[in-house]
2 protein chains.
Amino acid sequence: MSPECAKRPAILERETLILSAARRVFLELGFVSATMDAIADMAGVSKQTVYNHFGSKEELFASMVRSGCKEILTVLQMGADRGDPEQTLRSMGRRFLEMALQPEKLALRRVLLGEIAQFPELGQIYYRSGPAFLRGQLAEYLEKQDRNGFLVVADPQLMADQFVGMLSVCLMKAELGIKPEMNPDERERYIDHAVGLVMSVTRPGTATLPGKPG
Amino acid sequence: MSPECAKRPAILERETLILSAARRVFLELGFVSATMDAIADMAGVSKQTVYNHFGSKEELFASMVRSGCKEILTVLQMGADRGDPEQTLRSMGRRFLEMALQPEKLALRRVLLGEIAQFPELGQIYYRSGPAFLRGQLAEYLEKQDRNGFLVVADPQLMADQFVGMLSVCLMKAELGIKPEMNPDERERYIDHAVGLVMSVTRPGTATLPGKPG
DNA sequence: GTCTATATGAAGATAGAC
DNA sequence: GTCTATCTTCATATAGAC
């Protein structure tokens with residue numbers, strides 16, 4: 001143990017503390033309604049300390065979003081290929097929905113969308129850390145399967161995009177707070193159906209989509 | 001002409017005026033940053049007049065959202081069935097994207113999502129006027145085609161949902177402000193691909209999806 | 001119903017001591 | 001670096017005359 005540990009939280013710990021408080025307050029109230037006072041109180045530090053570390057409300061918000069996106073990336077990055085294409089798709093889809101449907105992630109999306117006009121770059125950051133990342137993994141996988149002759153995929157990018165889209169319907173409803181909420185069984189039906197759709201048009205010998213004539 | 005027309009705008013006109021000003025200000029700034037002063041100025045009336053007509057900022061916001069949703073419904077309600085299933089799907093999809101991708105509609109979605117926590121019922125209103133309405137029309141259409149033997153659709157609701165989902169990917173990107181923006185040609189590719197996917201799994205004689213054994 | 005003027009309260013940011 | 005106390009600004013909502 002280094003000496004400063006005994007005295008008070010180290011700087012990094014303190015910033016983490018403030019970020020985590022900022023997350024709770026911003027996600028509950030939105031950018032404008034959230035106050036620096038509330039964030040400082042929740043972190044157990046003075047307002048001035050918050051300003052010392054993050055400069056302004058805007059910078060604090062951006063830092064909070066970036067840290068949330070980093071978390072998403074970390075979770076989605078776990079290996080995906082399971083050999084069997086059908087199982088691989090299913091597993092990717094399940095992981096995506098589980099992640100994105102967490103109340104905290106839904107709240108992050110909402111508050112982020114509300115502030116897109118003021119923080120345009122945060123939209124890109126979120127997109128890359130979530131939907132685009134999954135889409136990239138998936139497109140890469142589909143392309144590999146196509147090269148190896150296990151699947152027939154004329155446009156892997158587009159197919160991956162629309163696979164994500166078919167699942168994102170669940171997200172949209174959750175985001176809008178549509179009742180009744182979708183239960184896990186229903187989510188599974190959406191995953192099954194999406195996987196089934198993709199599988200039936202990519203099965204070798206049944207090239208029915210444009211761009212890849214039999 | 002009735003006498004009061006000559007003097008000043010009628011009450012209904014005045015409310016329309018305020019609503020339209022509210023829309024512009026709310027959509028540009030979001031709920032909290034928008035000020036009653038700005039709305040009153042833009043409408044060319046005094047702030048007190050705004051309060052007389054709409055009671056509070058919250059009620060004004062809700063009224064603005066409701067009027068925006070009513071517009072969407074009006075546009076999407078135009079007849080859809082064109083006989084040929086493929087053409088019908090394409091036309092429905094095109095109409096949906098054209099509507100939803102309008103900058104004003106994107107802004108409405110964004111600001112609405114940002115305020116879902118404070119106005120839960122507005123999420124339902126929006127959903128019913130947009131995605132759910134299209135989904136309903138589409139599901140009904142698919143079911144009819146299934147009954148008549150032109151298509152094989154085991155679960156029309158789910159299929160309709162995921163058709164909307166495949167198109168909504170375009171929406172998601174636009175909402176997040178992802179650059180470069182999608183051009184009309186690219187949108188058309190998404191529509192084509194989604195229609196192609198649905199058509200290939202619903203063509204009679206190739207029942208490859210679960211729930212509808214041949 | 002409409003206007004001008006104002007009271008009230010709150011939030012972002014800073015000053016100055018330790 | 002951290003804290004307490006304060007400054008400045010601004011938006012909601014109301015009061016009172018026409």
Side-chain angles (χ1 to χ4, degrees), chain A residues 2-65 111 114-115 117-119, chain B residues 2-65 111 114-115 117-119:
Chain A
S2 49
E4 74 265 19
C5 284
K7 297 172 110 175
R8 64 167 62 157
I11 287 187
L12 260 178
E13 272 184 54
R14 205 161 260 250
E15 292 201 342
T16 313
L17 215 60
I18 295 173
L19 270 181
S20 133
R23 177 183 309 195
R24 287 187 55 183
V25 177
F26 277 131
L27 294 193
E28 185 175 354
L29 300 176
F31 177 76
V32 190
S33 295
T35 70
M36 297 298 262
D37 278 314
I39 294 170
D41 284 358
M42 177 152 293
V45 302
S46 82
K47 191 159 59 167
Q48 183 59 32
T49 301
V50 178
Y51 276 96
N52 281 343
H53 282 277
F54 293 95
S56 74
K57 197 183 179 185
E58 278 81 7
E59 282 182 51
L60 179 57
F61 181 74
S63 299
M64 183 275 292
V65 172
V111 66
E115 302 304 324
Q118 290 183 333
F119 304 93
Chain B
S2 50
E4 74 264 19
C5 284
K7 296 172 110 176
R8 63 168 62 158
I11 288 187
L12 260 177
E13 272 183 54
R14 205 160 261 250
E15 293 201 343
T16 314
L17 216 61
I18 296 173
L19 270 180
S20 133
R23 178 183 309 193
R24 288 187 53 182
V25 177
F26 277 131
L27 295 192
E28 184 175 355
L29 300 176
F31 177 75
V32 190
S33 295
T35 71
M36 296 297 261
D37 277 315
I39 294 170
D41 284 357
M42 178 152 293
V45 301
S46 82
K47 192 161 55 169
Q48 183 60 31
T49 301
V50 178
Y51 277 97
N52 281 343
H53 283 277
F54 293 95
S56 73
K57 195 183 179 184
E58 278 81 6
E59 283 181 51
L60 179 57
F61 181 73
S63 299
M64 182 276 293
V65 172
V111 67
E115 302 303 326
Q118 289 182 334
F119 304 93

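Only heavy atoms go into these numbers, but all of them, side chains included; no hydrogens, no water, no symmetry mates. Here is how names work: the chains are called A, B, and so on, in the same order as the sequence lines, proteins then strands, and each is numbered from 1.
- Comparing C/dG12, D/dA13, C/dC3 against the side chain of B/V45 picks out C/dC3 as the nearest.
- The distance between atom CD1 of A/I39 and atom C1' of C/dA10, rounded to the nearest whole Å, is 15 Å.
- Rounding to whole angstrom units, OH of residue B/Y51 and P of C/dT4 are separated by 16 Å.
- What separates CG of B/D37 from C1' of C/dA5 is a distance of 12 Å, to the nearest Å.
- In this structure, CE of B/M36 is placed 19 Å from P of C/dG9, rounded to the nearest angstrom.
- One interatomic measurement links the two molecules: CG of A/L17 to P of D/dT2, which rounds to 11 Å at whole-angstrom precision.
- At a threshold of 4.0 angstrom between heavy atoms, the contacts of A/A34 are confined to the sugar-phosphate backbone, with no base atom among them.
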Begin with the C-alpha distance, continue with both residues' side-chain angles, and end with the deciding distance and a verdict on side chain to side chain contact (heavy atoms under 4.5 Å, CB included) for B/T49 and B/H53. CA-CA 6 Å; B/T49 301; B/H53 283 277; 3.7 Å; yes
Check step by step if side chain to side chain contact (heavy atoms under 4.5 Å, CB included) holds for A/L60 and A/M64. CA-CA 6 Å; A/L60 179 57; A/M64 183 275 292; 5.6 Å; no
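- Note on A/K47: a base of the nucleic acid sits closer than 4.0 angstrom, heavy atoms only.
- Between A/Q48 and A/T35, the residue whose closest nucleotide on DNA chain C is further toward the 5' end is A/T35.
- Counting non-hydrogen atoms of other residues, nucleotides and ligands closer than 6.0 Å to CD of B/E28 gives a total of 12 or fewer.
- Using a 30° and 60° split on the angle between ring planes, B/F61 and B/F26 fall in the perpendicular class, above 60°.
- Listed pair B/T49 / C/dC3 meets the phosphate criterion, a side-chain N or O lying under 4.0 Å from OP1 or OP2.
- Rounded to a whole Å, the CG atom of A/N52 is 14 Å from the C1' atom of C/dA17.
- For the pair B/H53 and C/dG1, the criterion of a side-chain N or O lying under 4.0 Å from OP1 or OP2 is not met.
- Distance, B/E15 CD to C/dG1 P: 9 Å, rounded to whole Å.
- Between B/R14 and the phosphate of C/dT2, there is a side-chain N or O to OP1/OP2 separation shorter than 4.0 Å.
- Using a 4.5 Å cut-off on side-chain heavy atoms (C-beta onward), A/L29 and A/T35 make no contact.
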